[in-house]
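Report on the structure given below.
In listed order, ligands and their atoms are each counted from 1. Only a predicted model underlies this, so the values are computations on that prediction, with no experimental measurement involved.
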Amino acid sequence: MATTLTKDQAQAMLLAIGIDNARTSFSTAVKGFQRGWNLGAALVEDGDCGPKTSAALTKSFARKRKGMPTMSAHFSYTEFLCKCGGKFSDCRRVWTLRTHVRRLEAYRSKIGMPVRVVSGCRCPQWNSSVGGASQSQHKFGAASDIQGVLKVDRMRALGQFAGMGFQRSTGLVVHVDSRDVSGANTTGGRQGAPTTWQYAA
Ligand SMILES: [Zn+2]
């Protein structure tokens with residue numbers, strides 16, 4: 001029979017895998033865990049650490065202890081934490097969409113090398129501080145800035161992401177997003193026909 005973690009146990013495990021608001025905003029922390037989970041069936045994002053979430057969290061924690069990624073085969077929650085560090089009180093810390101992580105895995109598999117995530121989730125205040133667009137997909141947990149590896153034509157041909165930004169100087173894609181599943185797709189980008197733009201730098 002599936003067991004359910006106590007709140008203390010769940011908080012300790014969430015903190016161990018780097019979800020650092022587990023004590024101050026337990027339900028939000030659990031939701032962030034549930035939302036990004038890619039190492040088993042999708043979890044309902046209800047903020048309740050029931051039997052399924054308890055089993056998933058126990059698995060994630062066990063992987064952490066073995067030095068393995070905690071969220072998916074190759075990615076960990078900590079890579080997507082909002083870089084405000086929690087200084088804004090309403091920051092949810094990490095709320096990456098499961099679908100976006102799955103696409104990053106597909107991208108990683110295609111390029112055959114690790115993907116360095118430069119920026120993942122951004123709370124509204126942090127997004128403003130770093131000059132992000134008001135409808136930035138980072139705010140919805142649907143975007144990642146990445147180290148540029150593929151040029152835009154090759155990234156588009158992968159058919160994974162619904163939004164991509166590339167550097168004008170190099171042509172390398174340094175932002176990918178899944179705006180088609182973020183609930184805030186103002187440009188209509190989709191897999192196969194992504195919204196594409198260039199950065200001046
Ligand atoms: Zn933040």
Inset, instruction - Show the numbers, then the answer: is there a side-chain hydrogen bond (donor to acceptor under 3.5 Å, both in side chains) between Asp90 and Gln125? - result: CA-CA 9 Å; Asp90 60 350; Gln125 293 95 325; 3.0 Å; yes
Legend entry - Pair Arg179-Gln137, side-chain donor/acceptor within less than 3.5 Å: no
Legend entry - Residue pairs fulfilling salt bridge (Lys or Arg N to Asp or Glu O under 4.0 Å) with at least one residue in residues 96-117, sequence neighbours excluded: Arg103-Asp180
Inset, instruction - To the nearest 0.5 angstrom, please state how far the CD atom of Gln160 sits from the NE2 atom of His100. - result: 11.0 Å
Legend entry - Which atom of Lys139 lies closest to which atom of Ser134, heavy atoms considered: NZ-O, 2.5 Å
Inset, instruction - Return the number of protein N, O or S atoms with a distance to the Zn ion (ligand 1) smaller than 2.8 Å. - result: 4
Inset, instruction - Take the angle between the ring planes of His138 and His175 and call it parallel below 30°, perpendicular above 60°, tilted in between. - result: perpendicular
